[in-house]
Amino acid sequence: MRYWLMKSEPDAYSIDDLERDGTEHWDGIRNYQARNLMRDEMEIGDRVLFYHSNAKPPGVVGIAEIASGPYPDHTQFDPEQQYFDPKSDPENPRWIMVDVSFVEKLPRLVSLHELKEHPQLAGMVLLNRSRLSVQPVTSDQFAFIVDLARGAVS
DNA sequence: GCCAACGTTGGC
DNA sequence: GCCAACGTTGGC
């Protein structure tokens with residue numbers, strides 16, 4: 001199993017929205033690196049740290065899991081949609097998405113500020129090339145952050 | 001709202 | 001293929 005971190009702006013879609021919905025398709029990814037990870041690396045059952053970006057404060061708020069393989073993101077073909085891509089060929093869709101299911105909310109938010117304080121996490125993609133909205137985390141990083149939220153480490 | 005970092009586009 | 005211009009992300 002692999003581990004991931006996925007960002008969402010809570011004003012657009014929060015962990016509470018995912019808890020309510022249970023499962024949601026992760027549309028709107030328009031970055032090739034993020035797309036390639038979803039298309040080539042993710043597997044059903046992989047665990048995801050749900051991260052609130054552009055939030056006060058930004059941080060990890062919950063756990064989700066990958067619930068489908070990759071399939072075309074329909075929003076790329078709809079001119080009414082924010083994520084419309086006129087250059088994408090319906091015969092060979094440029095953008096894909098996966099389904100994500102709610103697992104649990106963490107007992108507390110682990111803020112970006114707090115993540116930066118732990119040398120164990122210094123290698124996180126989030127803390128280095130922070131713009132990727134879908135990024136891998138190691139099993140150790142994943143476990144450490146969940147332990148932080150649960151008060152099992154400090 | 002600012003702006004640094006980064007990604008994409010397109011002229012050459 | 002280079003790189004300047006432009007657009008987006010996301011912390012602050």
Side-chain angles (χ1 to χ4, degrees), chain A residues 2-21 24-42 46-66 70-138 140-142 144-149 153-154:
Chain A
R2 296 189 184 178
Y3 298 89
W4 308 95
L5 180 146
M6 296 171 85
K7 299 178 184 174
S8 186
E9 300 191 14
D11 289 346
Y13 198 80
S14 71
I15 188 71
D16 292 320
D17 293 325
L18 187 63
E19 181 172 28
R20 176 197 66 212
D21 295 339
E24 181 63 295
H25 52 266
W26 208 258
D27 64 284
I29 300 297
R30 296 293 181 269
N31 171 284
Y32 290 105
Q33 201 176 345
R35 177 203 66 181
N36 294 347
L37 290 171
M38 293 198 300
R39 185 188 61 195
D40 304 332
E41 306 293 337
M42 280 184 175
D46 284 356
R47 293 280 155 147
V48 177
L49 294 171
F50 197 105
Y51 180 88
H52 279 175
S53 62
N54 256 321
K56 297 176 185 176
V60 175
V61 291
I63 300 174
E65 70 177 16
I66 303 304
Y71 61 103
D73 179 343
H74 56 86
T75 64
Q76 70 196 298
F77 302 123
D78 181 354
E80 303 295 309
Q81 285 266 357
Q82 173 189 358
Y83 296 116
F84 177 57
D85 183 350
K87 295 180 185 170
S88 184
D89 174 7
E91 298 297 314
N92 185 21
R94 179 178 295 192
W95 304 112
I96 57 92
M97 60 189 180
V98 297
D99 290 346
V100 173
S101 290
F102 179 81
V103 174
E104 64 180 276
K105 281 176 76 170
L106 291 172
R108 68 180 184 86
L109 176 146
V110 182
S111 70
L112 176 62
H113 176 79
E114 184 176 352
L115 296 175
K116 289 176 178 172
E117 291 178 340
H118 293 282
Q120 300 94 320
L121 301 176
M124 284 187 77
V125 176
L126 182 74
L127 305 182
N128 294 281
R129 294 186 306 283
S130 68
R131 288 188 48 189
L132 251 194
S133 62
V134 173
Q135 52 181 257
V137 300
T138 68
D140 286 348
Q141 290 162 354
F142 186 96
F144 187 79
I145 292 168
V146 172
D147 283 349
L148 275 178
V153 294
S154 58

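Lettering of chains follows the sequences in order, A, B, ..., and the numbering in each one begins at 1. Computation of the quantities below employed the complete heavy-atom set of this structure, encompassing side-chain atoms and omitting hydrogens, waters and symmetry-equivalent molecules.
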**Student:** Whole angstrom is fine here: how far is it from CG in A/Leu109 over to C1' in C/dG11?
**Tutor:**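 In whole Å, C/dG11 C1' and A/Leu109 CG are 14 Å from each other.
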**Student:** Would you please say whether a donor-acceptor pair under 3.5 Å links the side chains of A/Asp140 and A/Thr138?
**Tutor:**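 No, no side-chain donor-acceptor contact under 3.5 Å.
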**Student:** What is the distance, rounded to the nearest whole Å, between atom CG of A/Leu132 and atom P of B/dT8?
**Tutor:**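 After rounding, the reported distance stands at 10 Å.
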**Student:** Return the nearest nucleotide to the side chain of A/Ser53; candidates are B/dT8, C/dG10, B/dG10.
**Tutor:**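 When the side chain of A/Ser53 is considered, C/dG10 is the closest of B/dT8, C/dG10, B/dG10.
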**Student:** In whole angstroms, how far is the P atom of C/dT8 from the OH atom of A/Tyr32?
**Tutor:**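 After rounding, the gap between these two atoms is 14 Å.
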**Student:** From CZ of A/Arg131 over to P of C/dG11, roughly how many Å is that when rounded to an integer?
**Tutor:**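 Roughly 12 Å, once rounded to whole Å.
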**Student:** Under 4.0 Å between a Lys/Arg side-chain N and an Asp/Glu carboxylate O for A/Asp85 and A/Arg94?
**Tutor:**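 Here A/Asp85 pairs with A/Arg94 in a salt bridge, since their nearest N and O are under 4.0 Å apart.
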**Student:** For the pair made of CD1 in A/Ile29 and C1' in B/dG7, what is the distance, rounded to whole Å?
**Tutor:**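 So the two atoms are 14 Å apart, to the nearest Å.
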**Student:** Between A/Trp4, A/Tyr83, A/Phe50, which is the residue that forms a ring pair (Phe, Tyr, Trp, His ring centres under 6.0 Å) with A/Trp26?
**Tutor:**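 For A/Trp26, the ring pair (Phe, Tyr, Trp, His ring centres under 6.0 Å) check succeeds only for A/Phe50.
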**Student:** Rounding to an integer number of Å, can you tell me how far A/Gln33 CD sits from B/dC6 C1'?
**Tutor:**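 Taking atom C1' of B/dC6 as the reference, CD of A/Gln33 is at 11 Å.
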**Student:** To the nearest angstrom, how far is A/Arg30 atom CZ from C/dT9 atom C1'?
**Tutor:**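 Roughly 16 Å, once rounded to whole Å.
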**Student:** Just to confirm, is there a sub-4.0 Å distance from OP1 or OP2 of C/dG10 to any side-chain nitrogen or oxygen of A/Lys56?
**Tutor:**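 A/Lys56 to C/dG10 OP1/OP2: no side-chain N or O under 4.0 Å.
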**Student:** From B/dG10, C/dG11, B/dG7, pick the nucleotide closest to the side chain of A/Asn54?
**Tutor:**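 When the side chain of A/Asn54 is considered, C/dG11 is the closest of B/dG10, C/dG11, B/dG7.
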**Student:** Could you give me the CA-CA distance, side-chain angles and deciding distance for A/Tyr32 and A/Trp95, then say whether ring pair (Phe, Tyr, Trp, His ring centres under 6.0 Å) is met?
**Tutor:** CA-CA 8 Å; A/Tyr32 290 105; A/Trp95 304 112; 4.8 Å; yes
**Student:** Distance check: side-chain N/O of A/Tyr51 vs OP1/OP2 of C/dG11, anything under 4.0 Å?
**Tutor:**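 So the side-chain polar atoms of A/Tyr51 do come within 4.0 Å of the phosphate oxygens OP1 or OP2 of C/dG11, strictly under.
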**Student:** Nearest-Å distance, CG (A/Asn31) to C1' (B/dT9)?
**Tutor:**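 For the pair A/Asn31 CG and B/dT9 C1', the rounded distance is 15 Å.
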